[in-house]
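Within every chain, numbering begins at 1; the chains are lettered A, B, ... in the order of the sequence lines, protein sequences first and strands thereafter.
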Protein chains: 2
Amino acid sequence: MVLPRAARTQRRTRIQGEKEERILEAALEVFSANGFRGSTVDQIAEVAGMSKPNLLYYFRTKEAMHRALIDRVLDTWLDPLREFNAEGNPVAEIRSYIRRKLEMARDYPRESRLFANEVLQGAPHIEDELKGPLKALVDEKAEVIRAWAKAGKIAKCDPYHLIFAIWSTTQHYADFDVQVRAVLGQGNAGEGRFEDAARFLERLFVDGLQVSEQPTV
Amino acid sequence: MVLPRAARTQRRTRIQGEKEERILEAALEVFSANGFRGSTVDQIAEVAGMSKPNLLYYFRTKEAMHRALIDRVLDTWLDPLREFNAEGNPVAEIRSYIRRKLEMARDYPRESRLFANEVLQGAPHIEDELKGPLKALVDEKAEVIRAWAKAGKIAKCDPYHLIFAIWSTTQHYADFDVQVRAVLGQGNAGEGRFEDAARFLERLFVDGLQVSEQPTV
DNA sequence: TGTAATGTTTACCAACCGGTCAAATTATCA
DNA sequence: TGATAATTTGACCGGTTGGTAAACATTACA
């Protein structure tokens with residue numbers, strides 16, 4: 001017998017757990033930076049600190065690695081949206097959703113880029129996840145937003161496009177990081193851009209750009 | 001002598017013009033769908049309807065093709081921002097910038113994805129363009145926006161993050177098209193999503209989500 | 001401790017990649 | 001028309017890719 005892991009034995013050995021962990025961490029690093037096609041198994045093996053055949057002992061193909069990675073990351077990636085609470089104060093909920101998404105862009109940019117790469121190239125490996133669990137979750141939360149609007153608690157707006165707008169504005173800071181840095185220049189190279197972004201986005205989504213009632217200079 | 005085109009003769013033959021056109025069109029198709037590393041010269045040659053060596057007669061390397069493509073596309077891509085007019089009505093200018101960017105996402109999604117792919121992977125080929133012409137243009141327009149805010153014509157806000165927000169929300173509909181379609185589902189599969197998006201974004205950027213003065217149900 | 005299962009390595013392969021070359025073909029124009 | 005330059009092609013090359021085979025080493029456990 002030559003098959004690895006849980007394929008036949010239900011039990012996982014200690015080594016299996018450690019190695020698979022290291023491999024997926026390395027795969028995240030490489031896939032998120034180069035996309036699926038642009039990544040090589042050798043690269044991942046080197047980052048993981050093991051030989052290519054050894055890596056392929058745990059994940060039989062490059063695709064299997066990618067799938068395992070997607071499955072593991074997708075759940076945590078959607079957590080902020082799940083926390084969206086129908087009972088809370090609408091504006092406060094939206095505000096804190098934006099904040100959480102922005103924190104994820106700051107703290108987990110690789111996960112963001114992993115999905116961005118995938119979706120950008122037509123989502124060949126995650127089409128089912130998009131049309132299934134993702135759509136279901138968005139549908140659910142869109143209904144919540146629609147109810148808020150109907151009750152007059154927030155302005156009437158298309159809830160789906162609101163969610164898209166929050167996704168795109170926040171993930172922009174992870175996915176297009178080099179562009180953001182290039183445009184902001186050396187001066188704003190520190191992490192302060194995330195605080196500026198948070199201030200701007202909270203204000204944008206809540207008040208818009210129209211001059212509001214509070215006195216302006 | 002074996003060198004093609006303008007490398008030695010200043011004059012371009014009729015065939016040169018036609019073939020280079022076909023090649024760049026094919027390159028846009030392939031690069032935008034697969035990224036630089038994920039694309040092969042054979043793919044581009046097939047889409048262009050010619051043999052690989054023939055293609056390489058006009059562009060000596062894959063990189064040369066990519067660079068020529070970037071150079072050609074970048075200019076037109078930045079046109080909407082250039083049209084941004086300091087003399088116009090601030091809110092109207094921002095509104096029409098959003099509309100133009102959204103139209104480009106609808107009509108030129110390949111160009112959008114070409115840059116998205118490039119930036120997402122660290123902009124290895126266009127770093128100079130980002131830090132040079134792009135930054136200069138953004139700096140200029142940011143100053144315009146800052147002046148508007150100072151004059152009390154729009155709400156005070158960080159002009160750079162405003163531009164990022166407009167870029168990300170509009171380009172989202174090109175770059176993440178499959179995701180948008182998957183979430184909206186079959187019903188909204190038509191092009192109507194761009195009109196919905198336009199309505200939503202104009203409203204978002206101008207009014208925000210707060211319930212405004214006009215009577216709500 | 002012995003042995004069977006698990007893990008690791010070296011050597012390797014076929015397919016594919018970007019790119020070259022020389023020969024053949026076609027367009028240009030004096 | 002003929003000769004010269006421009007274009008096109010098929011055969012090929014060295015390097016890289018994802019993946020395999022089998023020998024070897026280590027671990028777990030009765």
Novice: The side chain of A:L56 is closest to which nucleotide in this list: D:dT20, C:dG19, D:dG18?
Specialist: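 So the nucleotide nearest the side chain must be D:dT20.
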Novice: Can you find an N or O donor on one side and an acceptor on the other, under 3.5 Å apart, linking the side chain of B:K62 with the base of C:dG19?
Specialist: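 Result: no qualifying N/O pair found.
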Novice: Does A:K19 make a side-chain donor-acceptor contact with the base of C:dG7, cut-off 3.5 Å?
Specialist: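 When only heavy-atom distances are counted, A:K19 does not reach the base of C:dG7 through any donor-acceptor pair under 3.5 Å.
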Novice: Under 4.0 Å between a side-chain N/O of B:Y57 and OP1 or OP2 of D:dT8, yes or no?
Specialist: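 No.
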Novice: Write down the distance between CZ (A:F59) and P (C:dG7), rounded to a whole number of angstrom.
Specialist: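 Checked: the CZ to P distance equals 13 Å.
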Novice: So, is A:S51 near the phosphate of C:dT9, with a side-chain N or O under 4.0 Å from OP1 or OP2?
Specialist: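 So the side-chain polar atoms of A:S51 do come within 4.0 Å of the phosphate oxygens OP1 or OP2 of C:dT9, strictly under.
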Novice: Nearest whole angstrom, please: distance from the P of D:dC12 to the NZ of B:K52.
Specialist: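 Atom-to-atom, B:K52 to D:dC12, this comes out as 14 Å.
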Novice: Go nucleotide by nucleotide along DNA chain C from the 5' end; which of B:R37 and A:M50 gets its closest nucleotide reached first?
Specialist: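 This one resolves to A:M50.
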Novice: Between A:E111 and A:V73, is there a donor-acceptor pair closer than 3.5 Å when you use the side chain of the first and the backbone of the second?
Specialist: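 No, A:E111 side chain to A:V73 backbone: no donor-acceptor pair under 3.5 Å.
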Novice: Would A:E93 and A:K141 count as a salt bridge (Lys or Arg N to Asp or Glu O under 4.0 Å) here? Give the steps.
Specialist: CA-CA 12 Å; A:E93 281 298 317; A:K141 299 304 182 181; over 6 Å; no
Novice: Counting heavy atoms from C-beta on, name the nucleotide in C:dT20, D:dT20, C:dC17 closest to the side chain of B:D42.
Specialist: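 Among C:dT20, D:dT20, C:dC17, the one nearest the side chain of B:D42 is C:dC17.
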Novice: Whole angstroms only, please: what is the CE-P distance between A:M65 and D:dT17?
Specialist: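 A:M65 atom CE is separated from D:dT17 atom P by 14 Å.
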Novice: What's the CD-P distance between A:E46 and C:dT9, to the nearest Å?
Specialist: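 About 14 Å, once rounded to whole Å.
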Novice: Please check if the number of heavy atoms outside B:F194 that lie under 6.0 Å from its CZ is greater than 12.
Specialist: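 Above 12, so yes.
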Novice: Under a 4.0 Å N-O cut-off, is there an ion pair linking A:R82 with A:D79?
Specialist: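 Salt bridge flag = yes for A:D79 with A:R82.
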Novice: Nearest to the A:Y58 side chain among C:dG19, C:dT8, D:dG18, which nucleotide is it?
Specialist: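 Among the listed nucleotides, the one closest to the side chain of A:Y58 is C:dT8.
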Novice: Nearest to the side chain of B:T40 - C:dT20, C:dG18, D:dT20?
Specialist: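 For B:T40, the side-chain atoms sit closest to C:dG18.
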Novice: Between B:D139, B:L137, B:V138, which is the residue that forms a side chain to side chain contact (heavy atoms under 4.5 Å, CB included) with B:K135?
Specialist: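 Among B:D139, B:L137, B:V138, the one meeting side chain to side chain contact (heavy atoms under 4.5 Å, CB included) with B:K135 is B:D139.
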Novice: Taking atom P of C:dC17 as reference, at what distance in whole Å does atom CD of B:E63 sit?
Specialist: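 Atom-to-atom, B:E63 to C:dC17, this comes out as 16 Å.
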Novice: In whole Å, what is the span from the CZ atom of A:R60 to the C1' atom of C:dG7?
Specialist: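 After rounding, the reported distance stands at 15 Å.
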Novice: Taking atom P of D:dA28 as reference, at what distance in whole Å does atom CD of A:E18 sit?
Specialist: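 Checked: the CD to P distance equals 10 Å.
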Novice: In whole angstroms, how far is the C1' atom of D:dT17 from the CG atom of A:L55?
Specialist: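 Value for this atom pair: 14 Å.
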Novice: If you assign each of A:Q43 and A:P53 to its closest nucleotide in DNA chain D, which residue comes earlier from the 5' end?
Specialist: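 Its nearest nucleotide lies further toward 5', so the answer is A:Q43.
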Novice: For C:dT9 and A:N54 - does any side-chain N or O of the residue sit under 4.0 Å from the phosphate oxygens OP1/OP2?
Specialist: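 Result: yes.
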